[in-house]
Structure formats: C-alpha cells, structure tokens
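The block underneath contains the structure these notes are about, expressed in structure tokens.
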Amino acid sequence: MTIALKSAGIRQVKNSLAKWLITLGGISVLFTLVLIFMYLLYVIKPIFESAEIAPVTSFSIENDQQVLATGLDELQELVYTINNNGDVNYYPLKTTQKSLAVDATVERKFQESLINNTLTKVINASAEHKLLLDENNNVLLISPKFQSSYDTGFREIIPRISFPLGEDFIPVDEHGEGFLHLSFAMDDERAVFVGFTQDHRLIKTTLIAEDDFSYDPEYEIEYQEIELPTNQVDEILVTPGLAMAFVQSGDQVLVFDLSDEMDVELKATIIPQLAQSGEKPMHITAMALLSGGSSLLLGDSNGVVSQWFEVATDNGRQFKQIRTFKVSESEAVRQIHTEQFRKSFYTITDSGEMGTFYTTSEADLWRGNLTENIPSSFVISPRADGLLMFNENQFQLFSVENEHPEVTWQALWQEVWYEGYPEAEYIWQSTSGSDDFEGKFSLVPISFGTMKAALYAMLFAVPIALTAAIYTAYFMTPGLRKKVKPTIELMEALPTVILGFLAGLWLAPLIETHLPAIALLFILLPISVFATAFAWHNLPKTLKSQIPETWAPIILVPVLILVAYISFSLSPVMETYFFGGDIRQFITNDLGINFDQRNALVVGIAMGFAVIPTIFSMAEDAIFSVPKHLTSGSLALGATQWQTLIKVVLLTASPGIFSAVMMGLGRAVGETMIVLMATGNTPILDWSIFQGMRTLAANIAVEMPESEVGSSHYRILFLAAFVLFVFTFVFNTLAEFVRQRLREKYSSL
C-alpha cells in the first residue's frame, strides 16, 4: 500500500511538472510570435509617418549691400551670403554675430578676380555651384565647400571656395550683350551655358576641357546661336547630363537637343492643357527640374503642378504629362524647389503657403505657412533635413523630418509610372549605380514570385507525395514500409542549399540542353507506370507467386530508368526534326516566349523534392492511423480495397492529409536557398514556366546585407518579412479551420 501511494505521488508530480512545462512552452511560443510581430511593426512604422517641418532658429543680419544668394552647409551649422560686391560672409547658426570668414588665400584670390567688377546676379547652377554674373555680362563659377577640422580637439567647420572653371570671369556671349535668362550645367569634360540675351538671341556657349575640369583647367570655348521660333523667353533650364535645354516661352516649353555639338535642334514642344476657371485664364508660372533632370515640373496659375518626362511611344520618344499635384485651390504656384538626391519638391504660392510633395509615390507630404510672403532665397540642405529661408535680411532655419517620402501604400501595391518607362508598371528595383536613381519598391512582383514558386513546387510535389503516402501506408508490406518511410523522411534533413546548388549548377543546364527529354518524361513516366501495373496485374498467378511481395514495387525501378534513357536518347532527334535543331530558339523566336535557364520549371522540381518529405510523412501517418476496424468492416461488407481506400480511408484521413498539404505549402512559401540559387532572381510578373521569379524570402536574403540600416529600403525589406509572416499566418489559420471542419465531419465514420 505504501509503495503504491508513493508511486502514485511521484506520478502526480511528474504529471503536474509535464503539464506546467508544456503550458510554459506553448505560452513561450505564442509570446515569441507576438514579439516578432511587434518588432516588425516597430521597424515598419516610421515609413508611414507624415512629414514634419518645425522652426529651429531665426536671426537678422546687418548688410548694406544687396544679398544675391545664400547657402547652407551639410550639418546646418553655417550659413553664407554672397552680395553684389562679391563678398562671401559666413554666419554660425548658434549666434547672431558673424564669426567666421572664408579662407584667407581663397578670399584674396576671389576678391582680386572682382576688381572693378560689380555682381548683378547669382544663379544657382546646381546644389554645389553658384554662377556669378558681373556688370560686363561675364560669368564666374564658384563652389562653396565646407571642411571639418579637429585640430583643436573640437569639430570646426572651415569654409572654402573653389573655382571649377578657373578664377577669371568668362565671356559667355561673344557679342557682350547682357542676359535676361541664363542656365548652366557641366560634367567632367564639358560645361554648357544656354542664355537669352537682351537683344533676343538664344545662345549656347560650350567650354570643352583639354583633359578635365580639375585644378587650373584649360579649355576651348565654342559659341553657337540657337534658332528660336519666338521672341519671348521666361526661363531656361539645362539638364545635368547636358542632353537638353528647356526654354519656357509663355504657356509652352521648347525642348532643345544639346547632344549634337555642331547643331542645336528643337526636339519637342510641351504645351500643357491648362485648366480654365471661369473668365480667369491659366498660365505657366513656375518651372523646375527634378533630381536627375529626367522630369520637368510645371506650376500654373491655377495652383497645379504637373510632371512631364519622355516616354517611348509608337512615334518615338515623346514628352507626356504623367501626374499632377493640386497645390492650391485659388493661388498660383510661384516657386518650385527640388531636392538634390530625391524626387521631392517644395512649392510656394502667392501668400507664402508651402507644400511638400514626392512625385514617384504621388505623396502630399506637408502643407502650411512658414513665412508671410514669398522668400527671396530658399535653400534645401544637402541632406534634405533642413530648410533655410532669407527675406529682408532675415534668416529662418527649419528642421525637416521626411525620411521616407517614397513609401506609400499606392507605391507599394499599385502600378507606378516611373521615369523613362512607357507606362505604369509594378517594378522592384531598389538600387542602382546612379545617384539620380528613382527607387522602385513595388511589393507586387516579389509577392507574385512567392506564389508562383510555391504553386509550381506544389504541382510537382503534391501528386508524388500523396500517392507515395497512400501506397506506403495502405498497400505496402510492413517490412518494406519500415525501410521506405524512414528513407524518405531522411530526405527532409537534406540541406536546401545543397538542393539549390544542384538545381542551379546541374539541373538547370540539363533541362536547357535536353528540354524535349524533360517534356517526354512528364508524358512517358506516368504511362510506363500504368503499363507496368497493368502488365503485373495480368501476369499468371503462378508466376506472381514466385516473386516476393516486397519486390513488386522494385520492378518499377528498371522500367523508369529505361524510360528516362529512351527520353534522353530521343531528345536530339526530336529537337532536329520538330524544332529546327534548337528548341530554345524555337520557343523564343517562333512562340515569342522568353526562356531563362534558371526558371520556374527548375524551381518547381528542386523545391518539390524539398517539400515531398514533409507532405509524405504527415499524410502517410494520417492514412496509416485510420483505425483498422473501419477498413476491416468495409472489406467485410464486400467493398474492394480501392473502394475502401476512397470511401473510408481517405475521408477519415482527410484532416491529416489537408494539414500535410498546407504544411508543404508553408514550407514552399518560406523557402529561401533554393529559389535564391535556382532562379534568375528577376522580379517580374509572368506565369510562364520558362521564366524566373524573385520571392519575398529570397529578396530579403539578397538585399538585407546591402541595405542601409534605417533607410527606406531597409524598412521595406522588414515590411516584406511582415507580409510573408502574415501570409503564412493567414494560410495556416485557414488550414486549421478547414482541418477542424473535416475532422468534425468525418469523425463519425
């Protein structure tokens, strides 16, 4: 009695301990899933936050001379002004007193170059360059720079000025006329000026460097006069790549081709469809180039900004209006200012109302009034995290929180018309070798690729895995089952990187070289299996009795090997007689189907082999676990084995079979290494079995190491992980719901 009580007590302790450990394990799993979910949301949340602009500081300066231009250093610690005497004055933003001056040597050279000259205008040639015009209509290009020094143990900003085109003023117009409008751009070898003179001539002046524009450059000057079909010019813009010049003339924009050094031709004419409001006519009131110079922004007197760029059409490349932004309901757009490296722009209306927009995502980021009137100078900091406004000797500095303007739900999940594309498309292209690159972050192609890869893998794996599970659990002898089942389950331990390696380096070239053989295998293998089974069924009983029952399935092995040998032997013959000797060229040229060596067929086969053990193991267990009294009762009532299998066994095991298929689908959706190594990783929307794809998991694995922490690219990759997480969570939830319904329905059998 005592021993029994003691044993019962120990058993009770073990049961309680097991109960608490299992409960703790289950809670830990759920808690971990919630933590993962919350962390993904924590990383993703900033990309959907609104832009914020807040005042930082403001101060006045004492200046007897006219300020022609202002600027700001990258760290927003130093402001400079250029006045009509050619003086460059620097102001630290922490105090209101001028405490820094330009480097003495550079200042001396700069002042010497301005002897007997007075500046009439300063043009912002680019974010780095200022173009100075003197009273003799000559120009000088300067580049204000800021260097950090730690010689004193603290960071000190040292301002400097460089002269990319030399320290002497350059005569841009050979006739010496004054300019009403002037624009400039340069690269390593050329510098181009396009100006409209006071005597109504449109001229192009080109500086061609003998080597490049380095220290103390030497160059040759070429003067050209451009034929202008009008006498009115309101503004001129030259693209950074020196390819085109946009000349606004009234309510139209003339586009001139600058690529030909000998002749400048009128390439196109942009005539916006300006909306009319009652009796009030609408006109173009502002013009600007987006970062990179591929897009032109036009603001009108109705408060609308339109974006234009070239697209490929049946009649060649033409300028089209791509999208519009409603800036104001009643006021004209007076100024448009664009960022240096992104597709963001700022607008200012007559009343000083400012708006912030991003073209690619069509995002309306911020609206508000920062000043009471239009500022005479508007500067965007190089990092786009600050704004500097100057008006009537008053500086105002504002901070800008706008880190992810390119991300909106529309840009992620809808078609977007990107610069240079003939139409709106779903595109994923996160990086480029150019600073002017327009990020393309559509999640549609990689989500589609995930579904495509899973679909072809399941089409290959499900029939093989389920039929193998049915035969192993229901028809195979116990002795053979003990060998086959562990062998197939052992395949699940095979690293997927090995399967991906074999698929990419061995299977993909094999399929490309013997594509007719692969097609024959899909036809002949099922036929040979049925033919062999039919022949075995019709063998005399005396002959079948002499062959051990465990050998019956092994008879198929030589048959399958023979069929494979025949298929590969017939492949070159079929390719010669039916496909002109090259089936790949036939598919590409005659059928018009693109063919990639690493395609969905390769992925389907390779990933199918990775998924088969999962589906087979769970489905085989479910079928084998069907109570024997059900099958015995069915057979006793006169049903055949096949009738019992279909009407009893499969229905009873359907919850487990369904779970097996869904587990296999989850494995296929989350697979990384196989799709990473066996596809071309091309994010395209194409169901073709001969085209590749890029999946969510593979995209994260490829691009996460190269993404900048905290950038839009980095956070969108976490969003892709969140989409994958939600995708698998929803599928598993639906699968569990269906499984429970099947269990309730067939539990009474």
Side-chain angles (χ1 to χ4, degrees), residues 18 22-23 25-26 29-30 33 451 454-494 496 553 604 607-637 639-671 727-749:
I22 293 172
T23 303
V29 170
L30 294 176
L33 290 176
M451 293 185 290
L455 172 65
Y456 284 116
M458 297 300 287
L459 287 177
F460 181 82
V462 170
I464 297 176
L466 292 185
T467 52
I470 292 170
Y471 182 82
T472 304
Y474 192 70
F475 294 104
M476 188 173 286
T477 60
L480 188 58
R481 178 178 176 271
K482 291 180 180 179
K483 298 180 178 62
V484 171
K485 189 173 186 297
T487 302
I488 296 178
E489 290 177 343
L490 191 64
M491 290 173 53
E492 196 167 7
L494 185 66
T496 55
M607 195 186 298
F609 273 107
V611 173
I612 282 174
T614 302
I615 301 176
F616 169 84
S617 180
M618 296 185 63
E620 201 275 343
D621 286 338
I623 296 170
F624 189 78
S625 299
V626 173
K628 296 299 180 183
H629 67 269
L630 294 179
T631 57
S632 299
S634 176
L635 294 171
L637 291 173
T640 65
Q641 277 192 317
W642 284 101
Q643 289 173 331
T644 301
L645 172 68
I646 296 172
K647 300 293 186 178
V648 177
V649 176
L650 293 183
L651 291 179
T652 306
S654 59
I657 295 174
F658 183 78
S659 295
V661 173
M662 296 309 296
M663 286 294 292
L665 178 61
R667 170 76 185 274
V669 167
E671 179 54 47
F727 185 80
T728 54
F729 180 80
V730 170
F731 262 82
N732 289 336
T733 303
L734 292 176
E736 181 63 19
F737 176 76
V738 174
R739 189 181 71 85
Q740 292 294 341
R741 292 294 301 270
L742 291 174
R743 175 177 289 180
E744 293 173 4
K745 183 175 182 180
Y746 297 114
S747 61
S748 59
L749 290 178

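In this text the structure is predicted, and so the values were computed from the model without any measurement.
Residues meeting the side chain to side chain contact (heavy atoms under 4.5 Å, CB included) test with Ile646, sequence neighbours left out: none. With sequence neighbours excluded, the residues that form a side chain to side chain contact (heavy atoms under 4.5 Å, CB included) with Phe609 are Phe460, Met491, Ile605. For Phe624, the ring pair (Phe, Tyr, Trp, His ring centres under 6.0 Å) criterion is met by no residue, not counting sequence neighbours. Phe729 meets the ring pair (Phe, Tyr, Trp, His ring centres under 6.0 Å) test with no other residue; sequence neighbours excluded. With sequence neighbours excluded, the residues satisfying side chain to side chain contact (heavy atoms under 4.5 Å, CB included) with Thr640 are Trp642, Gln643. Leu459 pairs by the side chain to side chain contact (heavy atoms under 4.5 Å, CB included) definition with Leu455, Tyr456, not counting sequence neighbours. Among residues two or more places apart in sequence or in another chain, the side chain to side chain donor-acceptor pair (under 3.5 Å) test is passed with Thr644 by Ser634. The side chain to side chain donor-acceptor pair (under 3.5 Å) test applied to Thr631 returns no partner, not counting sequence neighbours.
Residue pairs meeting the salt bridge (charged side-chain N to carboxylate O under 4.0 Å, His left out) criterion with at least one member in residues 460-478, sequence neighbours excluded, do not occur. A salt bridge (charged side-chain N to carboxylate O under 4.0 Å, His left out) check over residues 607-633, counting only residues at least two apart or in different chains, returns the pairs Arg481-Glu620, Lys485-Glu620, Lys485-Asp621.
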Working for side-chain contact (heavy atoms from CB on, under 4.5 Å), residues Phe475 and Leu645: CA-CA 10 Å; Phe475 294 104; Leu645 172 68; 4.0 Å; yes
I'd like a table of donor-acceptor pairs (distance under 3.5 Å, sequence neighbours excluded) in which one partner is a side-chain atom from residues 662-671, with atom names and distances.
residue	atom	partner	partner atom	Å
Arg667	NH1	Ala610	O	3.4
Glu671	OE2	Thr496	OG1	3.4
Glu671	OE2	Met673	N	3.2
Glu671	OE2	Ile674	N	3.3

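One distance of note links CD1 of Ile615 with CG of Leu466; it measures 6.5 Å at 0.5 Å rounding. Atoms CD1 and CG, on Ile657 and Leu650 in that order, are 5.0 Å from each other to the nearest 0.5 Å. From Thr614, atom OG1 reaches atom CD of Glu489 across 10.0 Å, with rounding to the nearest 0.5 Å.
Within the 4.5 Å cutoff, the side chain of Val649 has no heavy atoms near those of the Ile470 side chain. The shortest distance between side-chain heavy atoms of Phe727 and Met451 falls below 4.5 Å.
A donor-acceptor distance shorter than 3.5 angstrom exists from the side chain of Thr487 to the backbone of Lys483, with no hydrogens or angles considered. Side chain of Thr467 to backbone of Ile464: a donor-acceptor contact under 3.5 angstrom is found.
Nearest heavy-atom pair across Met476 and Thr472 is CB-O, 3.5 Å. For Ala653 against Ala622, the heavy-atom pair with the smallest separation is CB-O, 3.5 Å.
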